[in-house]
Amino acid sequence: MNESAKPVSASQTTITELMIPSYANFGGKIHGGILLSLMDKVAYACASKHSGAYCVTVSVDKVEFLQPVEVGELVSMHASVNYVGNSSMVIGIRVESQNVKKGTSKHTNSCYFTMVAKGDDEKPTTVPKLILENKEQVKRFIEMITMREIKTKMKEEMDDARSHIHLETAAEFLKNERCILKV
Ligand SMILES: CC(C)(COP(=O)(O)OP(=O)(O)OC[C@H]1O[C@@H](n2cnc3c(N)ncnc32)[C@H](O)[C@@H]1OP(=O)(O)O)[C@@H](O)C(=O)NCCC(=O)NCCS
């Protein structure tokens, strides 16, 4: 069992990549999947630095593509460990896209990857505690605890809602929705 502790700064990681034409979709903007792949890489790098172990991605929260990223822009993904549990770590990723020619930069989104450290036996393994050195880091750690609680509650509510769907009343329930029932 690893009882050590590490500061947030020890594993902070940034990946910067040039958005080349082959990353673009038919509309000429960068594919969401390219950005997701980069997020996963930086989350892995950050989580494995903190844990000193092989890590797997367990869940991804709050990924939104609110502003398009253009070909030729430099995308930077800044990753920090925001929270640690026993074997899990929540990695916060801030995505920024820079237009070098115009000298402009936009914050395209912030999202959270939950990663779990695994031992040589493939089982979840304990990660070092997180040393919080400023108020922002304390705030983020607490935010992640709240996010976990909200997710658990939402899952319970969703399971409950799913068990209360009655197909006999579907036609009435869906009458103002943009769908056509053919069953
Ligand atoms: C995630 C995984 C390691 C959980 O294994 P498990 O044997 O069920 O282990 P546990 O129940 O002890 O959970 C381990 C940790 O994962 C966390 N976890 C499990 N499911 C989770 C979920 N849906 N969301 C967030 N965290 C989750 C648990 O809270 C626990 O955290 P903690 O140790 O900090 O308390 C296992 O399901 C796995 O390997 N999944 C595949 C991951 C993968 O291959 N990812 C690549 C994506 S293609």
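Atoms within each ligand, like the ligands themselves, are counted from 1 in listed order.
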Only one of Met115, Met144, Glu143 passes side-chain contact (heavy atoms from CB on, under 4.5 Å) with Val90; say which it is.
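Among Met115, Met144, Glu143, the one meeting side-chain contact (heavy atoms from CB on, under 4.5 Å) with Val90 is Met144.
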Going by distance alone, is a donor N or O of one side chain under 3.5 Å from an acceptor N or O of the other, for Ser80 and Gln12?
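Yes.
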For the residue pair Ser11 / Lys6, report whether a side-chain donor-acceptor contact shorter than 3.5 Å exists.
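Result is no, nothing qualifies.
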Just jot down the side-chain contact (heavy atoms from CB on, under 4.5 Å) partners of Pro7, sequence neighbours excluded, or say none.
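Applying side-chain contact (heavy atoms from CB on, under 4.5 Å) to Pro7 gives Ser9, Ala10, Ile131, Glu133.
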Identify all N/O pairs between ligand 1 and the protein with a separation under 3.5 Å and present them as a table of atom names and distances.
residue: ligand 1; atom: 31 (O); partner: Ser88; partner atom: OG; Å: 3.3
residue: ligand 1; atom: 33 (O); partner: Ser87; partner atom: N; Å: 2.8
residue: ligand 1; atom: 33 (O); partner: Ser87; partner atom: OG; Å: 2.7
residue: ligand 1; atom: 34 (O); partner: Asn86; partner atom: N; Å: 2.7
residue: ligand 1; atom: 34 (O); partner: Ser87; partner atom: N; Å: 3.2
residue: ligand 1; atom: 34 (O); partner: Ser88; partner atom: N; Å: 3.0
residue: ligand 1; atom: 34 (O); partner: Ser88; partner atom: OG; Å: 2.6
residue: ligand 1; atom: 39 (O); partner: Lys118; partner atom: NZ; Å: 2.6
residue: ligand 1; atom: 45 (N); partner: Thr57; partner atom: O; Å: 2.8

Sidechain-backbone polar pair: His50 side chain, Pro128 backbone, donor-acceptor under 3.5 Å
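Yes: the side chain of His50 pairs with the backbone of Pro128.
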Apply the test salt bridge (charged side-chain N to carboxylate O under 4.0 Å, His left out) to residues Glu136 and Arg140: give CA-CA distance (whole Å), side-chain angles for both, the deciding distance (0.1 Å), then the verdict.
CA-CA 6 Å; Glu136 189 59 35; Arg140 286 191 187 143; 3.6 Å; yes
